[in-house]
Amino acid sequence: MRTIYENYRGFKISKEDSTYNAIYSDRVVFSRWQLSQVLDTVDQYVEITDSSNSSENEFGLPQN
């Protein structure tokens with residue numbers, strides 16, 4: 001396994017054989033054939049989770 005990015009938006013991006021993996025907390029979360037696809041997937045995931053957290057804050061839900 002070869003590391004491509006040590007910290008891309010909180011994920012470690014690596015290449016193993018012919019696939020690219022996005023790893024979070026030592027677990028493969030996303031696996032794609034092309035680097036651009038795994039980076040796009042991470043971007044979408046981060047944007048959705050950030051958006052979800054922002055929506056919760058707007059409604060006055062408690063934060064930890």
Side-chain angles (χ1 to χ4, degrees):
M1 180 179 0
R2 189 178 103 210
T3 299
I4 307 295
Y5 292 107
E6 188 64 40
N7 185 6
Y8 180 81
R9 300 189 82 172
F11 289 80
K12 179 178 178 181
I13 308 298
S14 64
K15 182 175 184 181
E16 187 170 3
D17 298 325
S18 61
T19 60
Y20 291 91
N21 300 313
I23 302 167
Y24 186 79
S25 297
D26 295 327
R27 291 185 294 173
V28 173
V29 179
F30 305 111
S31 184
R32 302 288 185 264
W33 295 107
Q34 294 181 335
L35 177 60
S36 62
Q37 289 176 328
V38 80
L39 297 178
D40 288 345
T41 303
V42 168
D43 289 341
Q44 290 172 351
Y45 175 81
V46 169
E47 288 169 13
I48 288 170
T49 56
D50 283 351
S51 161
S52 173
N53 290 338
S54 294
S55 296
E56 290 174 3
N57 293 340
E58 290 173 10
F59 294 109
L61 296 177
Q63 297 179 5
N64 292 340

Ignoring hydrogens and angles, write down the donor-acceptor pairs under 3.5 Å from the side chains of residues 7-19, residues two or more places apart or on other chains.
from, atom 1, to, atom 2, distance (Å)
N7, OD1, G10, N, 2.9
Y8, OH, D43, OD1, 2.8
Y8, OH, D43, OD2, 3.1
R9, NH1, D43, OD1, 3.0
T19, OG1, E16, O, 3.2

Show me, pair by pair, the donor-acceptor contacts under 3.5 angstrom made by side chains of residues 22-37, not counting sequence neighbours?
from, atom 1, to, atom 2, distance (Å)
S31, OG, N21, OD1, 2.9
R32, NE, T41, OG1, 3.4
Q37, OE1, Q34, N, 3.3

Check your understanding: How does the hydrophobic cluster around I48 look, that is, which other residues are in it when side-chain heavy atoms under 4.5 Å mark a link?
Key -> none
